[in-house]
**Q** 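Have a look at this one.
So that the names make sense, note that chain A is the first sequence line, chain B the second, and so on, each numbered from 1. Quick note: numbers below take in every heavy atom, side chains included, and nothing from hydrogens, waters or symmetry partners. Please read all numbers here as calculations on a predicted model, not as lab measurements.
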2 protein chains.
Amino acid sequence: MMKRNTWQREAVREALDTTEGFISAQALHSALHASGSPIGLATVYRALGDLASSGEADSLQSPDGEALYRACSTAGHHHHLICRNCGLTVEIEATEVEAWAKGIAAEHGFTEAAHVVDVFGLCADCTRPAATTESPDRAG
Amino acid sequence: MMKRNTWQREAVREALDTTEGFISAQALHSALHASGSPIGLATVYRALGDLASSGEADSLQSPDGEALYRACSTAGHHHHLICRNCGLTVEIEATEVEAWAKGIAAEHGFTEAAHVVDVFGLCADCTRPAATTESPDRAG
DNA sequence: GATGGTTTTGACAATCATTATCAATAACAC
DNA sequence: GTGTTATTGATAATGATTGTCAAAACCATC
């Protein structure tokens, strides 16, 4: 089975690149449609899945059980600081946590330890009280 | 609205208590049915949700986007070390990580930081090469 | 123990994300 | 250009979860 290059796959890759934070497959599909692309939903799912398994994107599960994707520049292992209001995402390195995870795992006899470490919060902008005239938009 | 005690809620609490690792709502419902309980699926979902929000159980998203629950003895905030093969779960404290998460969040202007920190690996038993005569059972 | 107000239950429909299906299409080697 | 074959996309199917609402259960009270 040889991989072929299609404009659809390119479109997904590009849309992901130009997206600030994490985005769901559904939202990405909507965004593409809004830009005039007739790409199909199933194709977006497939492309995102491919991107994720090839390491060009990384994915995480939102608290709602939705799969979220993001283009990641850093090829290596890293984590995220995500604003739960506007979706702003900061890639963070977690040297200490890596060490900690490895240590904890070893301590309990575990091997091949992988870990899920993501921090959700409110970014500086979204921290301003909602009582103001405007409430920040939800990214999507 | 006053909470009432029903045998259903007790059944869910107990089933969760006697379960080794994390379990999904569906699986817990099946288990209860298998034990002869006529409890409804919706009720199991409700009970688990209540248990989770009252802090008596904690929940996490499986890589498949399923919500998994587990009775937790430790009332406070803690994390998990989970065997991806047999489901064995160890509750761990992560003082360092708490501090780190708070620090990272503050450093980037984030507030109200919550974090998802779970370590998946192979426990000591499951680490033994699969080439042996027996392969360990998958917990369910 | 019976009664009544209110919560809870449960069968089922509805919703939502995701995956499978499969004929039509498009990419690539020649 | 031609043929082979991976890819697409509309839609159905799946599977987890939530909403609905009348009937049943809980519990304070008599």
Side-chain angles (χ1 to χ4, degrees), chain A residues 1-16 19 21-54 56-70 84 87 138-140, chain B residues 1-16 19 21-54 56-70 87 138 140:
Chain A
M1 199 237 287
M2 197 182 53
K3 275 274 152 80
R4 291 178 185 177
N5 272 347
T6 63
W7 63 264
Q8 286 95 334
R9 231 177 281 247
E10 274 310 307
V12 169
R13 195 197 309 269
E14 198 173 307
L16 206 60
T19 299
F22 277 89
I23 190 170
S24 69
Q26 304 272 352
L28 195 64
H29 178 240
S30 297
L32 282 165
H33 260 207
S35 318
S37 174
I39 192 171
L41 178 58
T43 303
V44 173
Y45 271 98
R46 279 186 288 244
L48 284 175
D50 287 353
L51 248 25
S53 59
S54 76
E56 293 185 72
D58 50 22
S59 63
L60 58 83
Q61 295 283 335
S62 85
D64 304 328
E66 232 182 335
L68 302 181
Y69 298 87
R70 181 168 190 264
R84 77 172 115 247
R138 184 79 180 72
Chain B
M1 199 238 282
M2 198 181 52
K3 276 275 152 83
R4 291 179 184 176
N5 273 347
T6 61
W7 64 264
Q8 286 95 334
R9 230 177 282 248
E10 274 311 308
V12 169
R13 196 198 308 270
E14 200 174 305
L16 206 60
T19 299
F22 278 88
I23 189 170
S24 69
Q26 304 273 352
L28 195 64
H29 179 239
S30 296
L32 282 165
H33 260 208
S35 318
S37 174
I39 192 171
L41 177 58
T43 303
V44 173
Y45 272 99
R46 278 187 289 245
L48 284 175
D50 287 353
L51 249 25
S53 58
S54 76
E56 292 185 73
D58 50 21
S59 62
L60 59 82
Q61 297 282 335
S62 84
D64 303 328
E66 231 182 337
L68 301 181
Y69 298 87
R70 180 168 190 263
R138 184 78 181 73

**Q** Can you figure out which of D:dT17, C:dG10, C:dA17 approaches the side chain of A:Tyr45 most closely?
**A** C:dA17
**Q** Which pair of heavy atoms, one from A:Val44 and one from A:Ala25, lies closest together, and at what distance?
**A** CG1-O, 3.7 Å
**Q** Using five base pairs at each end to define the local axes, how bent is the helix from C:dG1-D:dC30 to C:dC30-D:dG1, to the nearest 10°?
**A**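 Its terminal axes enclose an angle near 30°.
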**Q** Using a 4.0 Å heavy-atom cut-off, does A:Gln26 contact any base of the nucleic acid, only the sugar-phosphate backbone, or nothing at all?
**A**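 Base contact.
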**Q** So which heavy atom on A:Leu48 is nearest to which on A:Tyr69, and how close?
**A** CD1-CD1, 3.7 Å
**Q** Picking from C:dA17, C:dG10, D:dT17, which would you name as closest to the side chain of B:Ala67?
**A** D:dT17
**Q** To check you understand the geometry: which heavy-atom pair defines the closest contact between A:Ser24 and A:Ala27, and what is its length?
**A**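 Scanning both residues completely, I find the closest heavy atoms to be OG-N, 3.0 Å.
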**Q** Quick one: B:Gln61 CD to D:dT17 P, roughly how many Å, whole number?
**A**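 Going from CD in B:Gln61 over to P in D:dT17 covers 8 Å.
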**Q** Run the salt bridge (charged side-chain N to carboxylate O under 4.0 Å, His left out) test against B:Arg46 and tell me which residues pass, sequence neighbours left out.
**A** none
**Q** So what does A:Asp64 hit on the nucleic acid, given a heavy-atom distance under 4.0 Å: a base, only sugar-phosphate, or nothing?
**A**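 Nothing, no heavy atom under 4.0 Å.
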**Q** Rounded to whole Å, how long is the line connecting atom NE2 of B:His33 with atom P of C:dT9?
**A**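 Whole-Å distance recorded here is 14 Å.
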**Q** Look at all strands and tell whether A:Arg9 reaches a base, only sugar-phosphate, or nothing, counting heavy atoms closer than 4.0 Å.
**A**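 Touches sugar-phosphate only.
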**Q** When you match A:Arg4 and B:Gln8 each to their closest nucleotide on DNA chain D, which lands nearer the 5' end?
**A**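 Its nucleotide being nearer the 5' end, the pick is A:Arg4.
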**Q** Report yes or no: does A:His29 contribute a side-chain atom to a donor-acceptor pair with the main-chain N or O of A:Thr43 at less than 3.5 Å?
**A**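 The answer is no, because no donor-acceptor pair under 3.5 Å joins these two groups.
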**Q** Looking only at heavy atoms, what is the nearest atom pair of A:Phe22 and A:Leu60, with distance?
**A** CZ-CD2, 3.4 Å
**Q** Rounded to whole angstrom units, what separation is found between the CG atom of B:Asn5 and the C1' atom of C:dT8?
**A** 12 Å
**Q** Taking all atoms of both residues into account, what is the closest heavy-atom pair of A:Asp64 and B:Gln61, and its distance?
**A** C-NE2, 4.3 Å
**Q** I need the CG-P distance between B:Leu41 and C:dT8, as an integer number of Å.
**A**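 After rounding, the reported distance stands at 18 Å.
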**Q** For B:Trp7 and B:Tyr69, take the nucleotide of DNA chain D holding the closest heavy atom to each; which residue's nucleotide lies nearer the 5' end?
**A**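 Nearest-nucleotide comparison on DNA chain D picks B:Tyr69.
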**Q** Write down the distance between CG (A:Leu48) and C1' (D:dT8), rounded to a whole number of angstrom.
**A** 15 Å
**Q** Take atom NZ of A:Lys3 and atom P of C:dA29, then tell me their distance rounded to the nearest Å.
**A**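 My rounded result for the distance is 16 Å.
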**Q** Measure from the side chain of B:Glu66, starting at C-beta and using heavy atoms only, and say which of D:dT17, C:dT9, D:dG9 lies closest.
**A**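 Of D:dT17, C:dT9, D:dG9, D:dT17 is nearest to the side chain of B:Glu66.
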**Q** Might you point out which heavy atoms bring A:Ala47 and A:Arg9 nearest each other, and give the distance in Å?
**A**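 Smallest interatomic distance, heavy atoms only, reads CB-CG, 4.3 Å.
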**Q** Whole-Å distance between C:dA11 P and B:His29 NE2?
**A**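 That distance rounds to 8 Å.
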**Q** Look at the side chain of A:Arg46 and the base of D:dG9, then say whether one donor and one acceptor between them are separated by less than 3.5 Å.
**A** yes
**Q** With sugar-phosphate meaning primed atoms plus P, OP1 and OP2, does B:Thr6 contact a base, only sugar-phosphate, or nothing at under 4.0 Å between heavy atoms?
**A**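 Sugar-phosphate: the residue B:Thr6, judged by heavy atoms under 4.0 Å, touches backbone atoms but no base.
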**Q** Rounded to whole Å, how long is the line connecting atom CD1 of B:Ile39 with atom P of D:dA25?
**A** 14 Å
